[in-house]
Amino acid sequence: MNAPIVLSLALLCSSTYMISIGAFCYSPSYLIALSLFPMAISVSGAKLMMSISRTFDSSLNSPSANKIALASDNFSQKSIFMLSSTFVIALFSAIAFASLFNFDLCAEGYHQYLLINGGDTHPLFLSTYYQLFHYVGRIFNHSVAGYRFLVLLIALLLSQFTAKVVYVYVAQEAPWHREVYAKRIFQTFAAVQSFYIYTFVNNSLSYFSVAVFASYLWVAGVVARMLAAQNKNWDFASYALICLSIFVAFSARPSFGLAMIATTPIFMFASDKLMNPDLLEIKTLKTAFSALYRLTIPTFSSAIIVSIYCASNWSIYKHFPDLYRAQLRGYNASMLRNYLLDLSWALHHNIWIIVFTSAVIAIMYSYKKGQQYPLPCKLFRLAALLFAISLIAANISRIGFQWWSPKTCGRMYTAVCFFASVVTFFSYSWFSKQLGISKISSKKRIFLIFACAIPSIMSSFGTACFPWYVISHSVGIFSIPIIVFVYDVTKAFEINNFYSLLLPATSFLCIFPFIIRNHIYRYENCLKITQNKVQSKNSIYLKGVSIDKDNRKCIDKLISSLHKKEFDFQRDRLFVFPYIAGMAALSGAKSFGCSFQCSSPDEKTRTEFGILDSLFIDLEPKKNIRYVYILSANVPMGKNLHEKLFSSIKPCSKTMATSIGKCINYHLRKENFLKLYGPYIPTNSSNEASN
């Protein structure tokens, strides 16, 4: 059996389906333009599959199979590289253009606040990544556009670095000739996939993106560990990359970093067992210590680095036990509910992918057993094929236009990549001979599948958001084994270039509409780009970024009002409520308590949110605060948070309300008129007696 034929069927149907979703994402004209592409792919794919099907009973390496494959190859390596490079340039240009427009006052404003105030010696939230990147942000004065471009450049560089390490790993034992363009094509494929970091909409530097950076580094480190078995020069590099990745992951979300520390020894054992089993043989006490040393040095080194980091930032980390307990009492009720809702969504909307993948695996297994039971297996393959095709047709007709959206497209493509990885796993398990690689090489590629999938899944640990949203960031990582499979199927991109074109074309047509729709056409919680025509006059952080006139007026009015009130940006504080952390960030004011405040129509949920927020207010008396001002919309506050806030501050003779204006924030719905109240005096401040 030719495993690539079965996989091409899976990719052909799923890609056509996903391309159609991408077309629906933007506009009717975009639909018409893109509808031609899946038709062309279907026709060319059908022709290719018909020609290759004549060689079902022969090996992929046979002369006749290669002759047919070469006859159907209409693209040279150079053409593939140029086309893939065009995809990368288009995606890069779209994000670069989007970085000059819009600003979300809620989530992006919160991340911007953390980065601007990263030098604070008290916890700003349940992570510390902002401390590391705060000093980088000083180079460009913490501008919003600067942080956006920083994410773009780091994601591209890390994807290229990891792809290069993986390419060396898979190509060193490839039995076929490799052209000079193979490495470039491999890396451009990885670059296209890396843009899925933007499927969560927010393109600012956040703990989400930093978790993805850590995953890239960890995969590169684990693969480098495999390379070190043949070349000792990789040994130190692998340890350094693993330690750095765990440190970065811990700064993004401590739970993610701890999960990496626990997982690393397992992968170290698996890699050593796979590459050189003799290293783990316990014959003498010396070999026992040597094996233990090799398995545990990355873990112990990472644990030591993390411990030193926590000790050097003890003023922050000493509060984390209390903060996490508060999170368990408050936010985690919402977090678990989100996880269950997300699991339900994934099963309901991706069940066709699960069943379709099961049908493909069944077809593959029937080919594996075809020589023993030829007639039953042929009938079974035909039935499974018809079932898979009818499943997709029924799914498309059932769903129609009811829930097409760019966000849905990104999350579904995440599922497609996961289940393509499953198909890839079985392909390497059953058909390594037909793929032209040895059993040991096949095992190494299976190891790579797990090495890429595990950190991608773990990157969602510890967030209250929907896991499928967060994992969508990591498509560029767990799709690396799929790129490797295409590399093997096409003999280093020398034959059957239909497969080479299918992956980047499908990826591009899924992510590009998403970027157009959710980053350019309409950013999260913002107006359309055509309504973002003005720039702030007073905020230095929005330099070069155009926003809508209402938010510009609010931001400039807030800054000017603070200056009129002689706001001391070092000693005074601004309490912002709710969903307007960006107002504190862009004004340059420091927040009283946590800058990310939530609200809800339900009092129970408001109380849950208020548990953690109240604890952050408890940290404020330890600071030298003169006055506190309140910037809020007309939105109900949780009873416990309200009591905590107004037991910590009290009005004075100068306290008054100032209208700031209407802001654009869809979390606030109609209650988006902001007012500035103050000043208030902290009840336990030394300033109280003098006032």
Side-chain angles (χ1 to χ4, degrees), residues 94-118 124-125 127 129-130 133-134 136-137 140-152 154-155 197-212 252 406-407 463-466 469-470 472-473 514-515 517-529 531-532 535-536 539-548 550-552 554-555 558 576-589 591 594-598 631 663-668 672 674:
I95 287 296
F97 178 75
S99 298
L100 303 177
F101 295 89
N102 286 311
F103 183 78
D104 172 28
L105 292 173
C106 182
E108 188 175 19
Y110 161 62
H111 298 308
Q112 183 71 17
Y113 177 84
L114 296 181
L115 291 163
I116 293 173
N117 297 279
L124 301 179
F125 207 62
S127 59
Y129 80 95
Y130 50 81
F133 291 95
H134 167 78
V136 179
F140 44 81
N141 295 322
H142 303 295
S143 70
V144 171
Y147 282 119
R148 289 175 174 179
F149 280 108
L150 184 63
V151 173
L152 178 57
I154 293 178
I197 196 173
Y198 291 101
T199 54
F200 196 70
V201 181
N202 195 311
N203 61 356
S204 181
L205 184 66
S206 65
Y207 48 80
F208 298 108
S209 51
V210 173
V212 176
K407 189 171 291 187
T463 174
C465 297
F466 296 104
Y469 284 161
V470 181
S472 295
H473 279 85
F514 186 99
I515 290 174
R517 174 64 177 83
N518 278 31
H519 287 272
I520 295 178
Y521 181 68
R522 189 165 189 165
Y523 194 56
E524 187 178 26
N525 299 322
C526 299
L527 298 176
K528 297 179 181 179
I529 194 171
Q531 297 171 279
N532 290 264
Q535 296 187 13
S536 172
S539 179
I540 60 173
Y541 306 113
L542 276 176
K543 186 176 181 180
V545 177
S546 296
I547 59 175
D548 64 276
D550 287 331
N551 280 351
R552 196 279 300 271
C554 273
I555 293 166
L558 173 62
V576 290
F577 182 85
Y579 305 114
I580 50 173
M583 298 297 289
L586 298 179
S587 68
S591 174
C594 182
S595 62
F596 190 77
Q597 302 282 352
C598 302
L631 178 69
C663 75
I664 303 300
N665 188 330
Y666 289 94
H667 284 293
L668 297 179
N672 52 2
L674 304 182

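Nothing fancy with the numbering, it's 1 onward along the sequence. Note that the structure is a prediction, hence the values are computed from the model and not measured.
- Put simply, the side chain of Y579 does not reach to within 4.5 Å of the side chain of N672, judged on heavy atoms.
- Here CG of L631 is found 8.5 Å from SG of C554. Values are rounded to the nearest 0.5 Å.
- Contact detail for S127 and A252: the closest heavy-atom pair is CB-O, 3.0 Å.
- Listed by chain and residue number, F125, F596 satisfy the ring pair (Phe, Tyr, Trp, His ring centres under 6.0 Å) test with Y110 (two or more places apart in sequence, or in another chain).
- Within the 4.5 Å cutoff, the side chain of F149 has no heavy atoms near those of the V144 side chain.
- Put simply, CG on L105 and CD1 on I555 are 5.5 Å apart, with the number rounded to the nearest 0.5 Å.
- Separation of the Y207 and Y130 ring centroids does not fall under the 6.0 Å cut-off.
- Listed by chain and residue number, Y113, S595 satisfy the side-chain contact (heavy atoms from CB on, under 4.5 Å) test with S591 (two or more places apart in sequence, or in another chain).
- Partner of Y147 under the side chain to side chain donor-acceptor pair (under 3.5 Å) criterion, chosen from Q112, H111, H142: H142.
- Residues in residues 94-114 take part in these salt bridge (charged side-chain N to carboxylate O under 4.0 Å, His left out) pairs, two or more places apart or across chains: E108-R148.
- Taken to the nearest 0.5 Å, the CG atom of N665 stands 12.5 Å off from the CG atom of D550.
- With sequence neighbours left out, I520 forms a side-chain contact (heavy atoms from CB on, under 4.5 Å) with A94, F97, A98, I516, I529.
- Interatomic distance, I580 CD1 to C106 SG, rounded to the nearest 0.5 Å: 10.0 Å.
- Using a distance-only test at 3.5 Å, with no hydrogens or angles considered, a donor-acceptor pair links the side chain of S206 to the main chain of F208.
- Closest approach of F103 and G582 over heavy atoms only: CE2-CA, 4.0 Å.
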Report the C-alpha separation of L558 and M583 in whole Å, then their side-chain angles, then the decisive distance to 0.1 Å, and conclude whether the side chain to side chain contact (heavy atoms under 4.5 Å, CB included) test is met. CA-CA 8 Å; L558 173 62; M583 298 297 289; 3.9 Å; yes
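- For the pair H473 (side chain) and T199 (backbone), a donor-acceptor distance under 3.5 Å is absent.
- For the ring pair (Phe, Tyr, Trp, His ring centres under 6.0 Å) test, no residue two or more places apart in sequence or in another chain qualifies with Y541.
- Remark: N102 engages Y523, C526, N532 in a side-chain contact (heavy atoms from CB on, under 4.5 Å) (not counting sequence neighbours).
- With contacts defined as side-chain heavy-atom distances shorter than 4.5 Å, the pair F133/L150 qualifies.
- Under a 3.5 Å cut-off, the side chain of S539 and the backbone N or O of S536 do not form any donor-acceptor pair.
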Are I664 and D548 close enough, and set up right, to give a side chain to side chain contact (heavy atoms under 4.5 Å, CB included), and what steps lead you there? CA-CA 8 Å; I664 303 300; D548 64 276; 3.3 Å; yes
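- Remark: F101 CZ to I547 CD1 distance equals 12.0 Å, nearest 0.5 Å.
- Pairing each heavy atom of C598 with each of P578, the nearest pair is C-CB, 4.1 Å.
- Looking at every heavy atom in both residues, C594 comes nearest to L124 through SG-O, 4.1 Å.
- Of the inter-residue distances, the one linking S209 atom OG with L152 atom CG reads 11.5 Å to the nearest 0.5 angstrom.
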